[in-house]
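FYI, the numbering just counts along the sequence from 1. As the structure lists them, so they are numbered: ligands from 1, and atoms in each ligand from 1.
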Amino acid sequence: MTKNLLKVFNEKWNSYKHRFIPWIAINLRKNERTLRKVKEGSQDKLVPDEKVAASLLKLFRDLLKNDLGRKQTVLHMLPEPSRNAYQSPQSAVMPFKKLSRHRDPCELMLDSLGFCIERRPSSLKNAGTGVFVTMGMVPKGAMVAMYPGTVYQKYEPIFFQSLGNPFVFRCIDGVLIDGNDKGISKIVYRSCSGRDRLGPFSLSDSTWLTACPENPLAVGQYVNNCSNEKAANVYYQEFDVPEKFPLELRQYLPNVNYGHNTQLPLRCVVLVALRDIDSGEELFSNYYTIIH
Ligand SMILES: C[S@@+](CC[C@H](N)C(=O)[O-])C[C@H]1O[C@@H](n2cnc3c(N)ncnc32)[C@H](O)[C@@H]1O
């Protein structure tokens, strides 16, 4: 009898794939209506990877063009056709200083993607910081944010980093992403990011660990959970960076592998809009996913 009960409990627990580890145990019963269910073996993707890649490439190219003054060393290492894609004939001969026109990333994001997101105090009581659309409008199906952090494969050690850490995100396939911008998590990210370079090319962005991320999408770890009153307006989708992703744009990717010799593509997680989201609205995701 006890054995049977244990078996049933085990099966139920194993089929339950929560997105955030410490959050579930306390809040599951309060929030049954906000569970998201996906079919076994499904990749849980509502928009194709090509669409995600196209938005990332557009924003990252605009970010690089906006920062030519500081990125000259990297640009000079590129083959001429790639270099020309970022600079106009005049900018190629302009003095270094005159190129640094550096626009505000939020303003640039508005021009590039049609909206801007920022961290603000949440509209929910006692929910800390949240993420808001502060300008423009996010159309349904658009990528609206990225979940930054260190990527751990299932077999890699994360015990100390995960203690009391509400930012450990679990992908559908069990890969974990630690998006905490403080303490040991921050040290680990910085160290892995500094390690993984290709000559002058940085392969990941560390500025999401500060108050002013260079890539303004990289605040997805601050998106709060939906509730019975506030329905989810975004959902998480895994995105593996394709091999052909341009080397010079990888510096804006806010993820890095914990293991240094992994042959696997870099795992990113993006948040995609479930409906049109207007300026002034807070983003809410769903922390619970049941695989059935
Ligand atoms: C991934 S973090 C989100 C960012 C968090 N709001 C912050 O300021 O650090 C998850 C934590 O946010 C809080 N949180 C998320 N959704 C919430 C909600 N609907 N109501 C209350 N607190 C929430 C919980 O403390 C949870 O452990």
Side-chain angles (χ1 to χ4, degrees), residues 16-36 44 117-134 138 143-152 158-172 174-189 206-213 215-239 254-256 258 267-275 277 280-290:
Y16 183 70
K17 307 286 181 203
H18 43 89
R19 292 303 211 173
F20 288 91
I21 294 162
W23 177 257
I24 44 143
I26 320 158
N27 288 285
L28 179 60
R29 252 182 285 146
K30 283 194 230 161
N31 257 358
E32 289 262 358
R33 278 177 51 206
T34 64
L35 292 175
R36 175 174 166 79
D44 198 24
I117 56 164
E118 284 173 285
R119 282 173 283 193
R120 297 268 160 88
S122 175
S123 57
L124 295 176
K125 222 174 128 202
N126 301 325
T129 303
V131 179
F132 290 75
V133 176
T134 51
V138 185
M143 179 197 49
V144 57
M146 298 184 81
Y147 195 98
T150 309
V151 181
Y152 293 83
I158 191 177
F159 179 73
F160 288 109
Q161 296 88 310
S162 69
L163 289 177
N165 181 353
F167 291 95
V168 179
F169 177 91
R170 184 182 163 132
C171 296
I172 293 279
V175 167
L176 299 174
I177 303 188
D178 180 5
N180 199 337
D181 54 17
K182 296 182 183 71
I184 182 169
S185 306
K186 180 176 177 172
I187 297 169
V188 169
Y189 185 93
S206 302
T207 61
W208 65 271
L209 294 162
T210 69
C212 309
N215 168 4
L217 287 170
V219 290
Q221 79 279 33
Y222 279 96
V223 171
N224 281 320
N225 188 39
C226 60
S227 61
N228 291 338
E229 293 75 40
K230 303 258 189 177
N233 50 15
V234 294
Y235 70 94
Y236 302 102
Q237 183 169 309
E238 284 79 1
F239 173 74
N255 296 98
V256 68
Y258 176 76
R267 167 63 54 82
C268 291
V269 165
V270 297
L271 287 88
V272 176
L274 284 166
R275 58 165 174 81
I277 310 172
E281 285 194 74
E282 181 170 355
L283 302 182
F284 291 107
S285 62
N286 197 320
Y287 285 12
Y288 312 102
T289 302
I290 292 196

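In this structure, Thr134 and Arg120 have side chains that are in contact, with non-hydrogen atoms separated by less than 4.5 Å. Under the 4.5 Å side-chain criterion, counting only non-hydrogen atoms from C-beta, Asn286 is not in contact with Tyr236. Contact check for Val234 versus Val223: side-chain heavy atoms found under the 4.5 Å cut-off. Side-chain atoms of Val188 and Phe160, non-hydrogen and from C-beta on, never get closer than 4.5 Å to each other.
A distance of 14.5 Å separates CG in Leu217 from CH2 in Trp208, rounded to the nearest 0.5 Å.
For atom 20 (N) of ligand 1, the nearest non-hydrogen atom from the set Gly164, Ala127, Gly220 comes from Ala127. Between the choices Thr129, Asp181, Val131, Asn180, the shortest heavy-atom distance to atom 7 (C) of ligand 1 belongs to Thr129.
Under 4.0 Å from ligand 1, the heavy atoms of Tyr287 that appear belong solely to its side chain. Contact annotation for Pro166 and ligand 1: heavy atoms of both the backbone and the side chain come within less than 4.0 Å of the ligand. Residue-level proximity to ligand 1 for Leu124 is carried by the side chain, the only part with a heavy atom below 4.0 angstrom. At a 4.0 Å heavy-atom cut-off, ligand 1 touches Gln221 through the backbone alone.
Close contacts of ligand 1 with Gly128, meaning ligand atoms under 4.0 Å from a residue heavy atom, involve 8 (O).
Residue Ser227 has no nitrogen or oxygen atom sitting less than 3.5 Å from a nitrogen or oxygen atom of ligand 1, judged on distance alone. Close N/O approach between Tyr147 and ligand 1 is not found [any backbone or side-chain N/O within under 3.5 Å].
Listed here is the closest heavy atom pair of Ile177 and Pro148: CG2-O, 3.7 Å.
If you run ring-ring contact (aromatic ring centres under 6.0 Å, His included) between Tyr222 and each of Phe169, Tyr147, Phe167, Phe284, only Phe167 comes through.
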